[in-house]
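Please read the structure below before turning to the comments.
In the text below, chain A, chain B and the rest are named by the order of the sequence lines, each starting its count at 1. Computation of the quantities below employed the complete heavy-atom set of this structure, encompassing side-chain atoms and omitting hydrogens, waters and symmetry-equivalent molecules.
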Amino acid sequence: MVRFTAPRGTQDILPEDQPYWRYVEEHLHAIARLYGYECITPPLFEDTAIFERGVGEGTDIVEKEMYTFLDRGGQSLTLRPEFTASVVRAYIEHGMHVRPQPVKLYSIGPAFRYERPQAGRYRQHHQFNVEAIGEQDPAVDLEVMSLAWQLYDELGFHDLAFQINSTGCPRCRPGYMQVLKNYYADKLPLVCDDCRRRYEQNTLRLLDCKVETCQTFIDNAPRFLDYLCDECATHFATLRSYLDALGRPYTLNHRLVRGLDYYTKTVFEVWAAGIGAQSAVCGGGRYDGLAEALGGPPTPGVGFASGIERIILTMKAQGVEVPPAPKPLALIATLGEEAKLAGVKLLTNLRAAGIPVVLAFGDRSLRSQMREAGKLGVTYALILGAEEVKARQVIVRDMTAADQEPVAWDEILAWLKGRLTVSV
RNA sequence: GUGAGCGUAGCCGAGAGGCCUAAGGCAUCUGGUUGUGGCCCAGAAGACCGUGGGUUCGAAUCCCACCGCUCACCCCA
């Protein structure tokens with residue numbers, strides 16, 4: 001019999017890792033609330049066409065990374081590779097254009113991409129996704145970026161690199177792409193194979209090449225920022241003036257591109273050190289053409305997604321500590337059948353009163369039960385034997401102070417309750 | 001999809017052709033007199049050495065294939 005393992009690129013988040021998840025998720029909800037974002041939970045899968053149109057036909061995601069399947073009715077569905085398309089779909093479907101604009105939404109949940117796993121990259125990973133839909137004001141771009149900034153700041157991150165760029169709009173992008181093509185035209189024999197392919201199929205991605213020999217060409221390439229239309233240039237300048245006024249450090253990265261029709265103007269990423277090659281903890285930008293591509297009215301939007309696994313990797317790399325999982329206040333140890341019965345009753349009563357207590361199961365020696373209490377890290381051991389049952393009391397042993405005292409049954413609840421707040 | 005490294009009990013890990021019916025540590029369980037934890041001591045349980053083939057008198061140790069894991073490329077969270 002072959003042992004089953006979790007599917008490639010997926011992982012069990014074990015109890016010992018849960019404190020990180022819990023801590024992070026609590027922060028996510030809190031920061032979203034602080035910025036006035038409301039939670040939306042879209043389905044895990046959508047009509048495949050939503051991602052084909054919403055992410056873009058030419059992207060790696062759509063070309064080779066989607067978990068697509070036919071359901072029993074023959075419909076093509078896809079496990080979401082990202083949130084934005086789903087959220088915009090929901091915006092259109094539920095007529096959110098009648099709400100005060102922009103509609104500010106966030107989500108937390110898994111996303112799926114069929115890729116070869118490596119450090120910080122999984123086939124099922126989790127994202128914190130933030131979208132502000134229905135407003136083109138650069139102050140919204142700023143807000144979304146600030147949210148990310150404050151989040152990482154509160155989590156205690158340092159040495160983050162904020163990268164920003166603008167990739168124009170359908171009015172100015174074709175012009176710039178032509179300029180870029182003209183620039184590369186006579187260099188094609190010198191660039192790598194991938195770049196020759198990009199030249200034809202995904203021109204902007206020429207700027208993204210990591211091959212050594214292509215670097216000088218990229219460094220000397222014309223920059224999009226010099227070819228933005230007035231509207232895009234003004235938008236970007238305004239955003240930068242806000243960032244500067246707030247003293248937010250960032251790097252202008254003219255190689256940062258999202259070569260898709262629906263992504264417009266602002267693009268940004270946040271990079272963390274020390275978590276491997278996949279260092280982007282956050283990626284986002286503006287997508288003023290997306291809603292239309294999904295069949296809705298023209299609606300601007302900005303947002304970002306942050307990978308929760310990568311956030312946690314960064315926390316571990318940077319030594320950020322999180323509160324440990326709370327332990328039960330007490331363990332009930334019993335000796336003999338009568339005491340066991342009394343113990344079960346006590347257990348039930350204490351729990352009904354909201355006190356976290358566990359019982360040592362099995363008929364074991366007191367020594368063994370006490371060892372369990374020590375291992376679990378409970379504050380008190382409540383010991384019940386024949387004598388205690390007779391006297392209607394329980395011995396309360398303080399595990400840290402290592403002393404103990406008898407407490408009457410009708411007083412034990414109040415006794416523990418008085419110590420609950422201090423010890424938890 | 002491509003490349004590299006790795007695959008011995010739940011975890012870490014020795015072992016490099018016969019001494020392996022596979023060391024050690026952590027974790028687990030039991031016990032250390034009669035009802036008490038953390039340290040210590042004793043003992044127990046736990047491995048078809050990833051799978052399948054081959055070489056050899058003999059393989060955890062050599063060869064091949066497959067599978068899996070990890071990291072990197074690509075790209076992204």
Are [X] and [Y] linked by a side-chain donor-acceptor pair shorter than 3.5 Å?
X	Y	result
A/Arg173	A/Gln178	no
A/His235	A/Asp137	no
A/Asn129	A/Ser107	no
A/Glu269	A/Trp271	yes

Hey, what are the protein-to-nucleotides 25-27 of chain B N/O distances that come in under 3.5 Å?
none

Using a 4.0 Å heavy-atom cut-off, does A/Ser365 contact any base of the nucleic acid, only the sugar-phosphate backbone, or nothing at all?
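Result for A/Ser365 = sugar-phosphate.
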How would you label the contact of A/Ala402 with the nucleic acid (heavy atoms, under 4.0 Å): base, sugar-phosphate, or nothing?
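Base contact.
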Selection residues 358-372 of chain A - residue pairs positive for salt bridge (charged side-chain N to carboxylate O under 4.0 Å, His left out), sequence neighbours left out:
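Residue pairs with at least one partner in residues 358-372 of chain A: A/Lys340-A/Asp363, A/Arg364-A/Glu372.
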Can you pull the salt bridge (charged side-chain N to carboxylate O under 4.0 Å, His left out) pairs that have at least one residue in residues 104-115 of chain A, sequence neighbours excluded?
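Sorted pair list: A/Lys104-A/Glu143, A/Glu115-A/Arg121.
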Which parts of residues 382-391 of chain A get close to RNA chain B, meaning a heavy atom less than 4.0 angstrom away?
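Within this stretch, A/Ile383, A/Glu387, A/Glu388 sit under 4.0 Å of the strand.
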Listed in order of residue number, which residues of residues 143-153 of chain A have a non-hydrogen atom at under 4.0 Å from RNA chain B?
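Under 4.0 Å from RNA chain B: no residue of residues 143-153 of chain A.
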Quick one: list whatever passes ring-ring contact (aromatic ring centres under 6.0 Å, His included) with A/Phe268, sequence neighbours left out.
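With sequence neighbours excluded, A/Phe268 shows a ring-ring contact (aromatic ring centres under 6.0 Å, His included) to no residue whatsoever.
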Going by the ring-ring contact (aromatic ring centres under 6.0 Å, His included) test, which pairs reach into residues 186-216 of chain A, not counting sequence neighbours?
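Passing the test, one end in residues 186-216 of chain A: no pairs.
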Can you find a donor-acceptor pair, distance only, under 3.5 Å between A/Arg397 side chain and B/rG37 base?
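Check passes, donor-acceptor contact within cut-off.
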Is it the case that the base of B/rG31 and the side chain of A/Arg367 share a donor-acceptor contact (distance under 3.5 Å, atom types as modelled)?
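It does not, because no donor-acceptor pair links the side chain of A/Arg367 to the base of B/rG31 below 3.5 Å.
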Could you tell me which nucleotide pairs with [N] by Watson-Crick or G-U wobble geometry, both distances under 3.5 Å, or answer none if nothing does?
N	value
B/rC40	B/rG32
B/rU70	B/rA4
B/rA65	B/rU51

Where along nucleotides 72-77 of chain B does protein come under 4.0 Å, by heavy atom, of base (B) or sugar-phosphate alone (S), with - for untouched nucleotides?
BBBBBB
A/Tyr20: partners by side-chain hydrogen bond (donor to acceptor under 3.5 Å, both in side chains), with sequence neighbours left out:
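In terms of side-chain hydrogen bond (donor to acceptor under 3.5 Å, both in side chains), with neighbours along the sequence ignored, A/Tyr20 is linked to no residue.
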Suppose we screen for side-chain hydrogen bond (donor to acceptor under 3.5 Å, both in side chains). Which residues come up paired with A/Arg240, at least two apart in sequence or across chains?
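Applying side-chain hydrogen bond (donor to acceptor under 3.5 Å, both in side chains) to A/Arg240 gives A/Tyr250.
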Ring centroid separation for A/Tyr287 and A/Tyr262, is it under 6.0 angstrom?
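Ring centroids of A/Tyr287 and A/Tyr262 are no less than 6.0 Å from each other.
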Taking atom [atom1] in both [N] and [M], what distance in whole Å separates the two?
N	M	atom1	value
B/rC71	B/rG15	P	25 Å
B/rA44	B/rG5	C1'	38 Å
B/rG3	B/rC19	C1'	41 Å

Results of salt bridge (Lys or Arg N to Asp or Glu O under 4.0 Å) for A/Arg248 - residues two or more places apart only:
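For A/Arg248 there are no salt bridge (Lys or Arg N to Asp or Glu O under 4.0 Å) partners, ignoring immediate neighbours.
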For A/Glu154, salt bridge (Lys or Arg N to Asp or Glu O under 4.0 Å) partners two or more places apart:
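In terms of salt bridge (Lys or Arg N to Asp or Glu O under 4.0 Å), with neighbours along the sequence ignored, A/Glu154 is linked to no residue.
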So which one's nearest nucleotide on RNA chain B is more toward 5', A/Glu372 or A/Ser368?
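Upstream on the strand: A/Ser368.
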A/Asp17/A/Lys316 salt bridge by N-O under 4.0 Å criterion:
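A salt bridge is present here (some side-chain N lies under 4.0 Å from a carboxylate O).
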Atom-pair distance ([atom1] on [X]; [atom2] on [N]), nearest Å:
X	N	atom1	atom2	result
A/Met370	B/rG32	CE	P	16 Å
A/Leu14	B/rC11	CG	P	11 Å
A/Leu366	B/rG35	CG	P	8 Å

